[in-house]
Amino acid sequence: MTETSSTRSADSEAPGPSRLRRLMRFIPLVAPVLLWAVPCWVLLHAGQHWPLPVAVVGTVLFVLGLVGMPLAMTRGHGRRQQDRAAIIGDTLLGASWILFTWSVLLGVLLRLALTVAGVGGSQDRARIVTWAVLGVTAVLLVWGYAEARRVPRVRRLDVRLPRLGAGLDGLRVALITDTHYGPLDRARWSARVCETVNTLEADLVCHTGDIADGTAERRRAQAVPLGSVRATRARVYVTGNHEYYSEAQGWIDLMDELGWEPLRNRHLLLERGGDTLVVAGVDDVTAESSGLAGHRAHLTGALDGADPDLPVLLLAHQPKFVDRAAAAGVDLQLSGHTHGGQIWPFHHLVGIDQPALAGLSHHGARTLLYTSRGTGFWGPPFRVFAPSEITLLVLRSPHLATAP
């Protein structure tokens, strides 16, 4: 057929992208092997000459990790959705990533430094590397787990919006995102997060998606504390990509039930002191491919009917939506999704897909983007050099209020 032949023609003209797509399919198979094989070699078989029982037992443990991790993740995140398996698989994933990272870094840099310094023989240097890698990994696992499970610290910053009216100067906007309620029951953590948000006395509270991993029915107990969040003006919410893995409409309905306003490609007006702010929201960019009728990221629809002279605050889960926001003249976009990388140095991979990792950035003529590192964590219960946050943005106007 014509469509097929044209596709073949395009493929023949551009073999590079086609080969790249085929190569990408093998990453889920290759990655686990690298995550476990590299540390196994660096720690056990790179000149240490461990006694045979040590080498055998150590190798068996790495093989068990290589086999057990994908098996547990499949049972935990596949059709069966077994929470216990998910916890085991996710924990092994995080541990193997940290072990792999420091096996590579210390396996090269520390060994080189020891060689240059003339420390011991090759076996001594190899064993020093092994103990150093194990020690650093153990410390980072304990610290990273504590960082992931604690209530996030509040990050406060002023954001100056040139078009913001004087009556809205000082408007307090609290942002939580990527709570990722999941296999580890965090109902108490959720309640403490909400208590912290309430201490901020925000005018507007925003949740920019990825509420949970699992359906609203399954994670309801962890999400219910969100109903206790207080705001003087409004509580607004947009979907993230993970909602579309877990019956998104159920989450939209639950947030509505809890008193939050789902901004599905629409806006509301926030008025104070005679000035108005347009607060708009869009579905996640993955919504359209989810197959759910009417779900898509539609900025034109979100701003339909809004006065173009008014400042716009936009909620969009993924930072990469900022290109469309900047083209539309949005003043400030709030996003999450990146987790700040969550476990260093994963942020380098996140940066391939997203234009910003964390914090405030400028895009286009006037658009500001604030990217949160997230309030919770996804999958591996660790955060390493990427702390979670609850954000308080105080909007500032360049216009001085007129004296009476």
Within a strict 4.5 Å, meaning less than it, do heavy atoms of the [X] and [Y] side chains meet?
X: Glu147; Y: Val384; result: no
X: Leu140; Y: Trp344; result: no
X: His337; Y: Gln354; result: yes
X: Asp124; Y: Val119; result: no
X: Phe382; Y: Phe377; result: no
X: Arg235; Y: Arg230; result: no
X: Leu393; Y: Asp158; result: no
X: Leu43; Y: Phe62; result: yes

Short side-chain to backbone donor-acceptor contact, [X] and [Y], under 3.5 Å:
X: Glu201; Y: Ala231; value: no
X: Thr367; Y: Gly364; value: no
X: Arg264; Y: Ala302; value: no
X: Arg396; Y: Leu164; value: no
X: Ser290; Y: Thr286; value: no
X: His317; Y: Thr239; value: no
X: Gln222; Y: Gly182; value: yes
X: Asp185; Y: Ala187; value: yes
X: Thr196; Y: Arg192; value: yes
X: Gln48; Y: Ala46; value: yes

Worksheet entry | Stepwise salt bridge (charged side-chain N to carboxylate O under 4.0 Å, His left out) test for Arg296 and Asp283 | CA-CA 6 Å; Arg296 61 178 178 137; Asp283 292 340; over 6 Å; no

Taking [atom1] in [X] as the centre, count heavy atoms belonging to other residues, nucleotides or ligands within less than 6.0 Å. Is the count above 12?
X: Glu257; atom1: CD; answer: yes
X: Arg366; atom1: CZ; answer: yes
X: Trp131; atom1: CH2; answer: no

Mind checking the [atom1]-[atom2] spacing from [X] to [Y]? Nearest 0.5 Å is all I need.
X: Asn241; Y: Asp284; atom1: CG; atom2: CG; answer: 5.0 Å
X: Trp378; Y: Asp210; atom1: CH2; atom2: CG; answer: 11.0 Å
X: His180; Y: Arg219; atom1: NE2; atom2: CZ; answer: 12.5 Å
X: Ser335; Y: Leu369; atom1: OG; atom2: CG; answer: 5.0 Å
X: Arg186; Y: Arg149; atom1: CZ; atom2: CZ; answer: 7.0 Å
X: Leu268; Y: Arg233; atom1: CG; atom2: CZ; answer: 11.5 Å

With distance as the sole criterion, is a donor-acceptor pair present between the side chains of [X] and [Y] under 3.5 Å?
X: Thr300; Y: His298; result: no
X: Arg155; Y: Tyr370; result: yes
X: His45; Y: Thr59; result: yes
X: Tyr244; Y: His295; result: yes
X: Thr115; Y: Arg125; result: yes

So, for [X] and [Y], which heavy atoms are closest and what is the spacing to 0.1 Å?
X: His267; Y: Leu269; answer: CD2-CD2, 4.0 Å
X: Leu254; Y: Ala216; answer: CD2-CB, 4.1 Å
X: Leu263; Y: Ala280; answer: CD1-C, 3.9 Å
X: Val238; Y: Glu243; answer: O-OE2, 4.3 Å
X: Ile252; Y: Pro262; answer: O-CG, 3.7 Å
X: Arg150; Y: Pro387; answer: NH2-CB, 3.7 Å

Discussion item. Closer than 4.0 angstrom, basic N to acidic O: yes or no for Arg266 and Asp304?
Written reply: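 Salt bridge: no.
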
Worksheet item: Trp97 pairs by ring pair (Phe, Tyr, Trp, His ring centres under 6.0 Å) with which of Trp36, Trp102, Phe346?
Response: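 Answer to the ring pair (Phe, Tyr, Trp, His ring centres under 6.0 Å) test with Trp97 among Trp36, Trp102, Phe346: Phe346.
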
Worksheet entry | Derivation and outcome, side-chain contact (heavy atoms from CB on, under 4.5 Å), residues Thr375 and Val193 | CA-CA 8 Å; Thr375 310; Val193 166; 4.0 Å; yes

Fill in: Test of ring centre spacing under 6.0 Å for His347 and His339
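No - the distance between ring centres of His347 and His339 does not fall below the 6.0 Å cut-off.
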
Worksheet item: Given Thr232 and Arg172, is the side-chain contact (heavy atoms from CB on, under 4.5 Å) satisfied, shown in steps?
Response: CA-CA 10 Å; Thr232 63; Arg172 298 166 69 85; over 6 Å; no

Worksheet item: Of the options Gln81, His242, His77, which is the one that meets Asp213 in a side-chain hydrogen bond (donor to acceptor under 3.5 Å, both in side chains)?
Response: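 Between Asp213 and the candidates, side-chain hydrogen bond (donor to acceptor under 3.5 Å, both in side chains) is satisfied uniquely by His242.
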
Item to complete: Applying side-chain hydrogen bond (donor to acceptor under 3.5 Å, both in side chains) between Arg163 and each of Asp309, Asp275, Asp331, report the one that passes.
Response: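 The passing option is Asp331.
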
Discussion item. Using the rule given for side-chain contact (heavy atoms from CB on, under 4.5 Å), can you reason through Leu357 versus Thr371, listing the C-alpha separation, both sets of side-chain angles and the distance that settles it, and then say yes or no?
Written reply: CA-CA 7 Å; Leu357 186 73; Thr371 306; over 6 Å; no

Discussion item. I'd like to know whether Gln249 forms a side-chain contact (heavy atoms from CB on, under 4.5 Å) with Asp253, so could you lay out the CA-CA distance, the side-chain angles of the two residues, the decisive distance to 0.1 Å, and finally the verdict.
Written reply: CA-CA 6 Å; Gln249 190 58 52; Asp253 293 342; 2.9 Å; yes

Worksheet entry | Tyr181 six-ring face occupied by Arg218 cation (under 6.0 Å, within 45°) |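 So Arg218 doesn't make the cation-pi contact.
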
Worksheet item: Going through the checks in order, is the salt bridge (charged side-chain N to carboxylate O under 4.0 Å, His left out) test met by Arg156 and Glu389?
Response: CA-CA 10 Å; Arg156 295 174 168 85; Glu389 66 178 81; over 6 Å; no

